[in-house]
Structures are given as structure tokens and as C-alpha cells.
Novice: 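What follows is a structure written as C-alpha cells; I'll ask about it next.
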Number of protein chains: 2
Amino acid sequence: MFEKYVRLLKESQIKITPQRLEILKYLDEHRTHPTVDEIYSALKENNPALSKTTVYNSVDILLNHGLIQSITISGSELRYDFKHGMHHHFLCKKCGEIIDINVECPNLGSMLECGHEVEEVHGYFKGICKKCSKGETNRNGS
Amino acid sequence: MFEKYVRLLKESQIKITPQRLEILKYLDEHRTHPTVDEIYSALKENNPALSKTTVYNSVDILLNHGLIQSITISGSELRYDFKHGMHHHFLCKKCGEIIDINVECPNLGSMLECGHEVEEVHGYFKGICKKCSKGETNRNGS
DNA sequence: TATTAAATTGTAATAAATACAAATTAGAAA
DNA sequence: TTTCTAATTTGTATTTATTACAATTTAATA
Ligand SMILES: [Mn+2]
Ligand SMILES: [Mn+2]
Ligand SMILES: [Zn+2]
Ligand SMILES: [Zn+2]
């Protein structure tokens with residue numbers, strides 16, 4: 001059940017706790033780029049003792065060890081994403097969904113030569129998603 | 001003094017107010033990607049009656065009319081940028097500076113064909129800037 | 001099993017953003 | 001120029017995301 005996440009935490013040499021395992025598993029299985037609050041609410045169902053501070057602490061340490069990444073696409077709230085290969089994101093201004101865009105960044109090469117030490121690359125596109133522009137219903141209504 | 005900004009607001013067909021002119025001018029002359037609070041503090045010097053709500057309202061309307069853009073590179077705080085041609089950004093994790101990177105986005109072409117209506121393109125790189133990796137002093141110390 | 005440093009919890013404090021009503025003002029009309 | 005009105009600004013209150021921190025609990029080692 002949790003072998004994969006136990007291994008990931010061991011490789012990062014950070015303590016294995018049930019909370020960290022649950023959070024990591026949740027992010028791996030829900031590629032919806034949830035906020036801390038969304039992770040907290042989802043996991044609190046099966047663990048009513050869970051503290052939101054723990055979610056903040058956990059995503060911080062998972063982030064620092066590169067197991068997850070943070071997404072700042074939607075301003076005024078941080079979102080988190082299990083690290084699964086390089087990809088970019090598309091934010092739909094209508095339904096709010098954040099969609100994975102599987103492209104490489106062709107600018108990375110020139111960035112590596114510009115003198116700055118590049119550690120992270122993020123590409124964000126914003127607009128109206130395919131579903132919404134076809135006029136389908138969506139969770140935000142409108 | 002403000003002719004350029006009067007013209008920009010007129011072209012966008014939004015009312016010309018001293019507050020909007022000051023904010024637009026400030027962003028044009030300070031390409032530091034300031035937060036609302038930084039804009040507010042700077043402009044309050046010469047206009048003690050300025051309200052922070054006005055800064056929020058003004059950047060919203062300038063944003064909606066495409067005169068400025070918002071930057072979500074640093075999580076949990078929105079930053080603003082006068083719109084001067086397409087460029088990406090580099091955030092230095094050491095000194096906090098946000099540096100303009102003048103590149104085009106080569107992914108835009110494929111994005112336009114993927115079915116989503118693309119309205120905005122943002123590229124964010126994070127790492128250690130040239131100055132900081134040379135060990136020079138910087139405003140955040142460390 | 002005992003020990004201890006680290007993690008979790010719960011509460012309190014900060015800070016960013018939003019909501020809203022009263023006062024003011026930009027710009028159009030007279 | 002003066003009058004009028006819808007839009008804007010202001011100030012305050014509220015909401016929400018994040019950080020701080022002390023007490024309790026626990027993972028990992030001996
Ligand atoms: Mn993703
Ligand atoms: Mn810029
Ligand atoms: Zn959509
Ligand atoms: Zn730097």
C-alpha cells in the first residue's frame with residue numbers, strides 16, 4: 001500500500017510518519033494540484049486528529065527534498081503537485097481546473113548559460129480550457 | 001509627466017484618476033515586480049490619503065484591461081508588472097530579486113493547437129542569481 | 001525496552017485579500 | 001461654467017492563507 005512512499009521518504013532520508021505517507025500518497029493519486037486546505041480536508045476524513053499545521057510542515061519538507069513541487073499559478077494560495085517528470089500547467093479561468101501540459105522547456109538551454117543557477121522551471125498558461133470553450137457545464141458554473 | 005499614462009488609460013476607456021496614473025507610472029518606472037503593499041507604501045509618501053483598497057482596485061482594473069500583468073512566482077503574494085513585451089522571470093531564492101528574462105516561449109505554438117484558448121503565457125525560473133552565486137552581498141543577508 | 005531528537009498537535013498571531021457602506025470625484029450633459 | 005450621476009476612493013471590518021510556538025507524542029536508535 002505505502003511501500004512506494006516509504007521508499008521515497010527513505011531515499012530522502014527523512015523520518016517516515018503516517019501523516020507524510022498519507023500526504024505523499026494523496027498527491028500521487030490526486031493530480032489535481034490541491035491546496036493545503038484541500039489535502040487537509042480530504043485526509044481528515046480518515047484521520048480526524050490530523051492538524052493543518054502538520055500538512056503545512058509536511059508539504060514543506062517534501063518540497064525541500066524535491067518529492068513534490070509547489071504551484072503558484074493561481075495567486076494567493078499555494079498548490080502542490082507530486083513530482084512526476086517535467087511538465088507545465090494550464091489554468092482555466094472559467095472552471096479553475098489546473099491541467100498538466102506535457103512539454104519540455106526549450107528555454108532551459110539558454111537559461112543555463114545566462115549566469116544564473118537554475119534550479120526550477122515552471123511554465124504556466126492561462127485561458128479557457130477545451131471543455132469550457134465548448135460550453136460544457138463545469139464546477140464553477142457561469 | 002503623465003501624458004503616457006493618460007493615453008494608456010484613455011485607450012483602455014477607463015476613467016482617468018490620479019491614483020491610477022500614479023500606480024501605472026510607478027509600475028512603469030519600477031520594474032521590480034512589487035506587491036500591492038510595496039506600491040501602497042511607496043505612493044503613500046506623496047499621497048498620505050491613499051487607501052490600500054484603492055491600490056487593490058486599481059491593479060485589478062489595470063490587469064483586466066491588459067495594461068499590467070500579475071506575477072505569481074513567489075507564492076502567497078501577488079506581484080505586478082508593467083506590460084512591456086513578452087518576457088519570463090527568474091526568482092533568486094537567496095536575495096529574492098525577480099529578474100526579467102527576455103525570451104520568447106517556443107511552446108506557445110503547440111499550446112495554440114492543443115484545444116485550450118490560451119490568453120496568458122508565464123515562464124518562471126527559480127534558483128540563485130548571478131550576483132548571489134558570486135558571493136556578493138545582497139539585501140536578504142545570509 | 002529506554003532514550004531522545006524530531007514530529008505532531010492545537011492555539012495564537014500575521015498578513016494578504018475581499019466585502020462593503022459612506023464620502024468624494026471624473027466626466028458628461030445642460 | 002455649473003450641475004448631475006455613476007464610478008471611484010476611502011476606511012473599516014471580515015475572511016482566508018500562512019507562520020509562530022509551546023506542549024504532547026512518536027519514530028528510530030541504542
Ligand atoms: Mn501537474
Ligand atoms: Mn517583468
Ligand atoms: Zn475550464
Ligand atoms: Zn540573488
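From a predicted model like this one, the values you see are computed outputs, not experimental measurements. In what follows, every chain begins at residue 1, and chains take the letters A, B, ... in the order their sequences are listed.
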Novice: Rounding to a whole Å, what distance do you find between D37(A):CG and dA17(C):C1'?
Specialist: 16 Å
Novice: Should T17(A) be listed as having a side-chain N or O under 4.0 Å from OP1 or OP2 of dA7(C)?
Specialist: no
Novice: Counting only side-chain heavy atoms from C-beta out, which of dT8(D), dA26(C), dT9(C) sits nearest to P18(B)?
Specialist: dA26(C)
Novice: To the nearest Å, give me how far apart CD (E38(B)) and P (dA16(C)) are.
Specialist: 10 Å
Novice: If you take atom types as modelled and just measure distance, does the side chain of T54(B) reach the base of dT8(D) with a donor-acceptor pair under 3.5 Å?
Specialist: no
Novice: Are Y5(B) and L50(B) linked, directly or through intermediate hydrophobic residues, by side-chain heavy-atom contacts shorter than 4.5 Å (ILVMFWY only)?
Specialist: yes
Novice: For the CG atom of L27(B) and the NZ atom of K83(B), what is their distance to the nearest 0.5 Å?
Specialist: 13.0 Å
Novice: For R79(A) and dT18(D), what is the distance between atoms CZ and P respectively, to the nearest whole Å?
Specialist: 10 Å
Novice: If you go through the side-chain atoms of T53(B), does one of them form a donor-acceptor pair with the base of dT18(C) closer than 3.5 Å?
Specialist: no
Novice: Whole angstroms only, please: what is the OH-P distance between Y40(A) and dA17(D)?
Specialist: 13 Å
Novice: Over how many whole Å does the gap from K52(A) atom NZ to dT16(D) atom P extend?
Specialist: 10 Å
Novice: Check step by step if side chain to side chain contact (heavy atoms under 4.5 Å, CB included) holds for T72(A) and H122(A).
Specialist: CA-CA 9 Å; T72(A) 58; H122(A) 300 268; over 6 Å; no
Novice: Would you tell me if any nitrogen or oxygen in the side chain of Q19(B) comes within less than 4.0 Å of OP1 or OP2 on dT25(C)?
Specialist: no
Novice: Report the distance from atom CZ of R20(A) to atom C1' of dT8(C), rounded to the nearest whole Å.
Specialist: 10 Å
Novice: Using modelled atom types and a 3.5 Å cut-off, is there a donor and acceptor pairing between side-chain atoms of R79(A) and backbone atoms of I73(A)?
Specialist: no
Novice: Quick one: on DNA chain C, does I16(B) or E77(B) contact a more 5' nucleotide (nearest heavy atom)?
Specialist: E77(B)
Novice: Between K15(A) and N57(A), which has a closest nucleotide on DNA chain D that is more 5'?
Specialist: N57(A)
Novice: Measure CG/L43(B) against C1'/dT10(D) and give the value in whole Å, please.
Specialist: 15 Å
Novice: For a side chain to side chain contact (heavy atoms under 4.5 Å, CB included) with H33(A), tell me which candidate from I99(A), I98(A), L78(A) qualifies.
Specialist: I98(A)
Novice: Output the rounded distance in Å from CG (L78(B)) to P (dA15(C)).
Specialist: 18 Å
